[in-house]
Amino acid sequence: MNENDEDLTTFCDSAAALVEGCRLPVRMQGGNDWPLAEIISIKEIRGQRGYYVHYVDFNKRLDEWVAESWLDTRKVQFPRRDGAPAPAGTTTPKKTHIGSGVPGTPMAEPRALVSRPASPTLLAEPPLVNGQAVLAAALHKKMNRKRKANSIDNESEAGEEGDTIASGAATPTTRPRQSGSLVAHGHDDLVTRMKNIEMIELGKHRIRPWYFAPYPQEMVNLPCIYICDFCLKYRKSRKCLERHLIKCKLKHPPGNEIYRKGSISFFEIDGRKNKCYAQNLCLLAKLFLDHKTLYYDTDPFLFYVMTEFDSRGFHIVGYFSKEKESTEDYNVACILTLPPYQRKGYGKLLIEFSYELSKFEGKTGSPEKPLSDLGLLSYRSYWAQTILDILMHSKPVGDNEKPIITINEICELTSIKKEDVISTLQNLNLINYYKGQYIISVNQELMQQHEKSMEKRTLKIDPKCLHWTPKDWSKRAKCV
């Protein structure tokens, strides 16, 4: 912490003096760590104050409501008068007392078109849903490793963490990317910075959302939103959902089933032909995708929904979207594995399927960038496994010669774009300069690690089960 930071850090004898924008150590739910956090919002409910905080060095999915007893007012950074945020860098003291948790419960204020974040109800600390405690610990561990390494390249060391996917691009574009892709918000205002949905029920799963999603105002002040896992329409109560299920004719996503093997199927949904389903899918995805700017014009996108089949029908596991026409050869706009299905290999299956489509198209492809933290891990893990598999199965050209393969040949075999192949080889330290030329060398230890990871990977795409014909959308647009 520099001298300027010390000048702005003061002792606060009462939490009543805290305002939105203050930064101070806060006890993180599910542990005894006290990372630096920024107060986003303050609400008073039934005489008790609740504080919505964002942990400065952590993903927004860990933002939460906390009680006053969770705040350490010994070192507080008040916001500057010029409106700039207080600088980071306060040391994090350890504390021994443990306070009570403050989960967010929907109590929204009226706002046109965009729903307000939920206000807190001061209750006892709830059990974490869908392994959030594990997620929090993993993210905390990763952030510590990232600080020590001071390089994003070290994220590739996480390896199999790549099975957890919630990712997409966050690159501003000249026209708004509607519904299918992730674009950085032009302004990160108070409304979109706060989670506004307490809980959703999707099929047999109850899931606590990670981020803000612009569901209608009347849905936000409910303890739970009930979503049909076939058509993805949302209802206010379980009874309303039961009445809907009697009328709902869908037992699978609309569109064409283009892949089936065992219980896994993929459906291709046209955002123009199935607009209602695509919009509901985007609303659901926004709960778990931070940078996704959601619009209601889904026409320019195709959605590929992965499902798992049982006696009731085809239940959504995850999806990815892609533009019908991409000038930069993006084969994924955004990609998501729903939390109940994460860390089971479905993430890599979604990525593998996107590249299988690229192979059918005869192109190399890449996801829109920059990727989120989980997306980067997922893709690096997939790229590493796929490229190493190619290298290990390359055969010598002649007698007693080592296998020879070029980067362009790797691209053709995998449909992975050249820059992604090169960056993966560099991250794995496989490119060496020898006798005036660059060569790729794989050591025995890396080969053994690869073999073990491939043995664990039971889910793989079978190209023989894909029945799909690429469409030339440029010609279709000219005809219209």
Side-chain angles (χ1 to χ4, degrees), residues 103-108 110 114-119 121 123 126-132 166 179 195-257 260 263-267 269 271 273-289 294 296 298 303 305-319 336-342 344 346:
T105 333
M107 283 182 61
V114 180
S115 53
R116 288 284 298 173
S119 299
T121 300
L123 301 171
L128 295 178
V129 177
N130 290 325
Q132 278 192 324
S179 299
K195 302 171 192 175
N196 61 332
I197 306 297
E198 170 66 12
M199 193 79 69
I200 65 168
E201 186 170 298
L202 179 68
K204 61 182 180 181
H205 302 287
R206 276 210 160 198
I207 314 168
R208 193 184 296 280
W210 293 354
Y211 305 110
F212 169 90
Y215 275 89
Q217 181 63 41
E218 63 270 17
M219 308 301 293
V220 175
N221 58 352
L222 300 172
C224 183
I225 296 177
Y226 296 83
I227 300 175
C228 173
D229 57 345
F230 297 120
C231 70
L232 304 184
K233 288 182 179 177
Y234 42 87
R235 292 292 182 263
K236 295 181 179 180
S237 67
R238 186 177 281 112
K239 186 164 282 188
C240 290
L241 180 64
E242 288 171 356
R243 287 199 296 265
H244 164 78
L245 291 174
I246 295 171
K247 300 175 184 177
C248 185
K249 296 179 180 179
L250 283 180
K251 293 299 177 185
H252 58 76
N256 300 320
E257 184 182 11
R260 182 188 292 189
S263 62
I264 301 296
S265 291
F266 279 85
F267 291 83
I269 291 95
K273 293 180 180 178
N274 299 285
K275 194 181 293 287
C276 184
Y277 180 88
Q279 290 172 354
N280 288 331
L281 177 60
C282 291
L283 271 175
L284 173 64
K286 181 63 189 75
L287 293 170
F288 308 101
L289 296 172
L294 187 137
Y296 289 97
T298 58
F303 299 84
V305 179
M306 179 167 63
T307 64
E308 197 170 55
F309 177 77
D310 64 14
S311 58
R312 290 181 56 242
F314 297 80
H315 308 275
I316 181 171
V317 170
Y319 88 104
L336 170 70
T337 306
L338 290 170
Y341 300 97
Q342 291 180 355
K344 296 181 180 179
Y346 291 116

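Everything quoted here is computed from the prediction, not taken from an experiment. Side chains are part of it too, since the values below use all heavy atoms of this structure and drop only hydrogens, waters and symmetry mates.
- With sequence neighbours left out, the side-chain hydrogen bond (donor to acceptor under 3.5 Å, both in side chains) criterion links D310 to H315.
- In this structure, the ring of F267 has its center less than 6.0 angstrom from the ring center of F314.
- In this structure, I227 and N280 have side chains that are not in contact, with every pair of non-hydrogen atoms separated by 4.5 Å or more.
- Heavy atoms of other residues, nucleotides or ligands lying less than 6.0 angstrom from NZ of K233 number 12 at most.
- Note that the CG atom of L336 and the CG atom of L289 stand 5.0 Å from one another [nearest 0.5 Å].
- Rounded to the nearest 0.5 Å, atoms CE (M306) and CG (L338) are 9.0 Å apart.
- Distance alone, capped at 3.5 Å, places no donor-acceptor pair between the Q279 side chain and the T298 backbone.
- Between W210 and P339, the closest side-chain pair of non-hydrogen atoms falls below 4.5 Å.
- The CD1 atom of I225 sits 10.0 Å away from atom CG of L284, with the distance rounded to the nearest 0.5 Å.
- Atoms CD1 and CE, from I197 and M219 in turn, are 7.5 Å apart once rounded to the nearest 0.5 Å.
- Contact annotation: the side chain of Y319 never approaches that of T307 to less than 4.5 Å [non-hydrogen atoms, C-beta and beyond].
- Scanning for side-chain contact (heavy atoms from CB on, under 4.5 Å) contacts around L245 gives C228, L241, with sequence neighbours left out.
- No side-chain heavy atom of F303 sits under 4.5 Å from any side-chain heavy atom of N274.
- Put simply, the side chain of I316 reaches to within 4.5 Å of the side chain of L202, judged on heavy atoms.
- Note that CD of E218 and OH of Y234 are 7.5 Å apart. Values are rounded to the nearest 0.5 Å.
- The side-chain hydrogen bond (donor to acceptor under 3.5 Å, both in side chains) check on Y226 picks up R206, with sequence neighbours excluded.
- Looking at heavy atoms from C-beta onward, P209 lies out of side-chain contact with Y211 at the 4.5 angstrom threshold.
- Pairs engaging residues 235-245 under the salt bridge (charged side-chain N to carboxylate O under 4.0 Å, His left out) rule: E201-R238 [sequence neighbours left out].
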Problem - Residue pair Y346, E308: steps toward the side-chain hydrogen bond (donor to acceptor under 3.5 Å, both in side chains) verdict - result: CA-CA 10 Å; Y346 291 116; E308 197 170 55; 2.4 Å; yes

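- P253 approaches V305 most closely through the heavy-atom pair CG-CG1, 3.9 Å.
- One distance of note links SG of C231 with NE2 of H252; it measures 12.5 Å at 0.5 Å rounding.
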Practice task
Dump the intermediate steps for side-chain contact (heavy atoms from CB on, under 4.5 Å) on D229 and R312, then the final yes or no.
Solution key: CA-CA 11 Å; D229 57 345; R312 290 181 56 242; 4.1 Å; yes

Exercise for the section: Under the side-chain contact (heavy atoms from CB on, under 4.5 Å) rule, what do L283 and L232 come out as? Steps first, then yes or no, please. Expected result: CA-CA 9 Å; L283 271 175; L232 304 184; over 6 Å; no

